[in-house]
Student: 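Next up is a structure, given as structure tokens.
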Amino acid sequence: MGGDIILNGDITAGNTIGLVATGQGNTAGNIDASAGAVTLTAPNTSDPAGAFIAQNAIQESTNITLSFGGGEVDVATGDGNDVEFFWNECQC
């Protein structure tokens, strides 16, 4: 959880990955992947495999590859724009 979440490297977790950008202080509440391609890996997932909540937006979502072992991904943004991720079924 953070005001803004800047993704600039891959993340691997054993289970669900949750990101919450709250927009507190001088931040907009963005999950930002504009630094380049990142992969979020969670091999031992069920429902939900991921939960991403942004007070404002998920920026450059097409730079994010999801590599989960199954389950759904819940996404909520305050700006109402469409979000698109790449999906890579985890071969973990």
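All values reported here derive from a predicted model rather than from experimental measurement.
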Student: Can you name the side chain to side chain contact (heavy atoms under 4.5 Å, CB included) partners of Thr12, sequence neighbours left out?
Tutor: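 With neighbours one apart ignored, the set is Thr41.
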Student: What is the ring orientation for Phe68 with Trp87, classed by angle as parallel under 30°, tilted 30 to 60°, or perpendicular over 60°?
Tutor: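 Because their plane-to-plane angle is over 60°, the rings of Phe68 and Trp87 count as perpendicular.
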Student: Run the side-chain hydrogen bond (donor to acceptor under 3.5 Å, both in side chains) test against Ser34 and tell me which residues pass, sequence neighbours left out.
Tutor: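 Only Asp32 meet the side-chain hydrogen bond (donor to acceptor under 3.5 Å, both in side chains) criterion with Ser34.
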Student: Tell me every residue that passes side-chain hydrogen bond (donor to acceptor under 3.5 Å, both in side chains) with Asp4, counting only those two or more places apart in sequence or in another chain.
Tutor: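 Result, side-chain hydrogen bond (donor to acceptor under 3.5 Å, both in side chains) vs Asp4: none returned.
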Student: Can you name the residues that form a side-chain hydrogen bond (donor to acceptor under 3.5 Å, both in side chains) with Asn63, not counting sequence neighbours?
Tutor: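 Testing Asn63 for side-chain hydrogen bond (donor to acceptor under 3.5 Å, both in side chains), a comparison that skips the adjacent residues, returns none.
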Student: Before you tell me yes or no, could you show the steps for Phe52 and Ile58 under side-chain contact (heavy atoms from CB on, under 4.5 Å), namely the whole-Å CA-CA distance, both residues' side-chain angles and the distance that decides it to 0.1 Å?
Tutor: CA-CA 9 Å; Phe52 310 128; Ile58 299 178; 4.2 Å; yes
Student: For the CD1 atom of Ile17 and the CG atom of Leu40, what is their distance to the nearest 0.5 Å?
Tutor: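 Between atom CD1 of Ile17 and atom CG of Leu40 there are 5.0 Å.
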Student: Locate the shortest heavy-atom distance separating Pro43 from Ala13; write the atom from each residue and the value.
Tutor: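 Where Pro43 meets Ala13 most closely, the heavy atoms are CD-O, 3.1 Å.
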Student: Please lay out, stage by stage, how Leu66 and Phe86 fare under the test side-chain contact (heavy atoms from CB on, under 4.5 Å).
Tutor: CA-CA 6 Å; Leu66 304 177; Phe86 287 102; over 6 Å; no
Student: Under the side chain to side chain contact (heavy atoms under 4.5 Å, CB included) rule, collect the residues that match up with Asp79, sequence neighbours excluded.
Tutor: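 Testing Asp79 for side chain to side chain contact (heavy atoms under 4.5 Å, CB included), a comparison that skips the adjacent residues, returns Asn56, Ala57, Thr77, Asn81.
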Student: Which heavy atom of Asn8 sits nearest a heavy atom of Ala35, and at what distance?
Tutor: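 Minimum heavy-atom separation between Asn8 and Ala35: CB-CB, 4.1 Å.
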Student: Can you list the residues that meet the side-chain hydrogen bond (donor to acceptor under 3.5 Å, both in side chains) rule with Ser61, with sequence neighbours excluded?
Tutor: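 Ser61 satisfies side-chain hydrogen bond (donor to acceptor under 3.5 Å, both in side chains) with no other residue.
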Student: What's the separation between atom OG1 in Thr27 and atom CD in Gln55, rounded to the nearest 0.5 Å?
Tutor: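 With rounding to 0.5 Å, OG1 (Thr27) is 9.0 Å from CD (Gln55).
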Student: What's the spacing between Leu19 CG and Leu7 CG if we round to 0.5 Å?
Tutor: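 Leu19 atom CG to Leu7 atom CG measures 6.0 Å (nearest 0.5 Å).
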Student: So, taking the atom named OG1 in Thr62 and the one named CD in Glu84, what distance separates them when rounded to the nearest 0.5 Å?
Tutor: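 One finds 6.5 Å between OG1 of Thr62 and CD of Glu84.
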Student: Nearest 0.5 angstrom please: Ile6 CD1 to Asn30 CG, how far?
Tutor: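 One finds 7.5 Å between CD1 of Ile6 and CG of Asn30.
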Student: Could you tell me the separation between the CD1 atom of Ile11 and the OG atom of Ser67, rounded to the nearest 0.5 Å?
Tutor: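 Going from the CD1 atom of Ile11 to the OG atom of Ser67 covers 13.0 Å.
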